[in-house]
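Here is the structure we will look at.
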Amino acid sequence: MTFVEAREQIQPLDEKAMKEAQKRWDTIAKPLHSLGDLETMLIRIAGIQRSADADISRKALIVMCADNGVVEEGVTQTGQEVTAIVAENFLVGSTTSCIMSRQCGTDVFPVDVGMARDTKVRTDLKVACGTANMTKGPAMSREQAVKAIEAGISMAVELKEKGYRIFATGEMGIGNTTTSSAVASVLMGEPVEEMTGRGAGLSSEGLARKINAIHRAIQVNQPNPEDALDVLSKVGGFDIAGMAGVCIGGAALGIPVVLDGFISCAAALTAVRLCPMAGEYLLASHVSREPAAGKILSHMGKEAPIRAGMCLGEGTGAVTLFPLLDMASAVYHSMDTFDEIHVEQYEELK
């Protein structure tokens, strides 16, 4: 499925399914709306899947792995070789997100969408061996940005065909908080200083270098904030583009997509600017400790139920939401109704 085809397939959520799901919640033998955001999320999932069944029984974490040329500017604490090392660790199940995913019945799918060197991770959707240094020119071409988006769409198609019912976004790529800060700053019109954090543990001196690099990249490339594809190609990364593709593909296919932290949110923001209706298909998981994360979620009108001070990435925040959704789903599908226990139903009071 191409980017254009996916964009054209996105439909509004199914209001009938959502009303049926709301009615189901209201008849369950508990106080009205007492599970709060968990009820709201199940209702949204019903609308996304176009069925009040709201099936989240098979879960997939899609991890987009890519390298970023901007690391040449000293914006990270570790070298680019770490991307490949951690990417291969996804295959043996030893990363943080893999360990967490096993606890909540989630399968992990790493994808090399643009790492600097090939590894044992699948490369059939690879666009290039990393982006260029965005402080010296565009990170990628516009055509490469579309190809990376379509890699994410392809993963959504593939996993839906395998029976997965809900996706989580994740990433691995040294330097990707720098590209995410650049993308978010331009798209939201916010100062770089307010959208840039320390990433994986930068010193104050390192943070200053990072901010300076983003300023130079924006100055050199002059990305157009009204053209999300222009912004993505000039100051973004292949991992951001790939996750944006997962968001768009999920929306086209009627699959809910759970966002991870800051980098996933930057990808989601890009997806929503490219396909505004895709935002209805996205669920926020947590508010990352990175300073821009909450700003992006607020900008997109998303409320994240988890505030745990996390900022690891890889999809760890997204899969943290899954056990909460599973518990809500268990109540939704198996708890008795007021009629079944012969108790008068709660009424909505004004």
Side-chain angles (χ1 to χ4, degrees), residues 3 6-7 10 13 41 44-45 48 60-64 66 111 113 145-146 148-153 155-156 166-173 176-177 179-190 195 225 227-229 231-233 235-288 290-306 310-311 313-322:
F3 167 55
R7 185 171 56 189
I10 301 173
L13 301 192
M41 285 188 169
R44 180 170 293 276
I45 289 170
I48 291 169
L61 167 60
I62 305 168
V63 185
M64 291 293 175
V111 181
V113 71
V146 171
I149 290 169
E150 291 179 342
I153 295 171
M155 284 303 299
I166 187 167
F167 302 149
T169 55
E171 41 61 41
M172 180 59 219
N176 58 12
T177 59
T179 52
S180 297
S181 294
V183 167
S185 177
V186 174
L187 288 179
M188 292 173 57
E190 295 284 350
M195 304 297 283
D227 182 352
L229 199 57
V231 177
L232 177 63
S233 63
V235 297
F238 291 133
D239 48 358
I240 297 173
M243 288 188 293
V246 172
C247 294
I248 293 167
L253 298 167
I255 303 286
V257 179
V258 178
L259 306 178
D260 188 36
F262 170 48
I263 301 157
S264 288
C265 288
L269 176 62
T270 304
V272 170
R273 290 296 180 86
L274 291 169
C275 307
M277 207 180 301
E280 297 298 309
Y281 291 76
L282 308 179
L283 302 175
S285 61
H286 76 118
V287 182
S288 168
E290 282 288 300
K295 291 177 180 291
I296 298 174
L297 288 173
S298 178
H299 184 79
M300 294 193 297
K302 299 292 180 183
E303 288 283 344
I306 301 171
M310 300 169 67
C311 61
E314 296 182 10
T316 50
V319 299
T320 299
L321 182 65
F322 283 154

With a cut-off of 3.5 Å and sequence neighbours excluded, list every side-chain donor-acceptor pair involving residues 294-301.
| unit_1 | atom_1 | unit_2 | atom_2 | d |
| --- | --- | --- | --- | --- |
| His299 | NE2 | Arg273 | NH2 | 3.0 |

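- In this structure, the side chains of Phe262 and Pro291 stay at 4.5 Å or more apart for every pair of heavy atoms.
- Using a 4.5 Å heavy-atom cutoff, the side chains of Met41 and Pro305 are in contact.
- Of the inter-residue distances, the one linking Met310 atom CE with Thr316 atom OG1 reads 4.0 Å to the nearest 0.5 angstrom.
- Two residues are said to be in side-chain contact when any heavy atoms from C-beta on lie closer than 4.5 Å; Val258 and Ile166 meet this criterion.
- Nearest heavy atoms, Ile248 versus Ala6: CG2-CB, 3.9 Å.
- A distance-only check finds a donor-acceptor pair linking the side chain of Ser185 to the backbone of Glu190 [under 3.5 Å].
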Note to self: Is there a side-chain contact (heavy atoms from CB on, under 4.5 Å) between Val257 and Tyr281? Walk through the geometry before answering.
What the structure shows: CA-CA 6 Å; Val257 179; Tyr281 291 76; 5.7 Å; no
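- Rounding to the nearest 0.5 Å gives a distance of 13.5 Å between CG of Asn176 and CE of Met64.
- Residues Leu283 and Ile45 have side chains in contact (heavy-atom distance under 4.5 Å, counting atoms from C-beta outward).
- For the atom pair Ile306 CD1 and Thr320 OG1, the distance stands at 5.5 Å (nearest 0.5 Å).
- Residue pairs meeting the side-chain hydrogen bond (donor to acceptor under 3.5 Å, both in side chains) criterion with at least one member in residues 251-266, sequence neighbours excluded, are Thr169-Ser264.
- Residue Gly245 comes nearest to Ile153 through the heavy atom pair O-CG1, 3.4 Å, listed as atom of the first residue, atom of the second, then distance.
- With values rounded to the nearest 0.5 angstrom, Cys247 atom SG is found 10.5 Å from Leu274 atom CG.
- The distance from atom CZ of Phe238 to atom OG1 of Thr179, rounded to the nearest 0.5 Å, is 11.0 Å.
- Contact detail for Gly173 and Asp239: the closest heavy-atom pair is CA-OD2, 4.3 Å.
- Listed here is the closest heavy atom pair of Arg44 and Glu280: NH1-O, 2.9 Å.
- Interatomic distance, CD1 of Ile263 versus CD of Glu290, reported as 7.5 Å (0.5 Å rounding).
- In terms of heavy atoms, Pro225 sits closest to Leu187 at O-CD2, 3.9 Å.
- A donor-acceptor pair is defined here as one N or O able to donate and one able to accept, closer than 3.5 Å; such a pair exists between the side chain of Ser285 and the backbone of Leu259.
- Minimum interatomic distance between Leu232 and Gly237 (heavy atoms only, all atoms of both residues): CD1-O, 4.1 Å.
- Applying the side chain to side chain donor-acceptor pair (under 3.5 Å) rule to Thr177 yields the partners Lys210; only residues at least two apart in sequence or on another chain are considered.
- Between Thr270 and Val231, every side-chain heavy-atom pair lies at or beyond the 4.5 Å cut-off.
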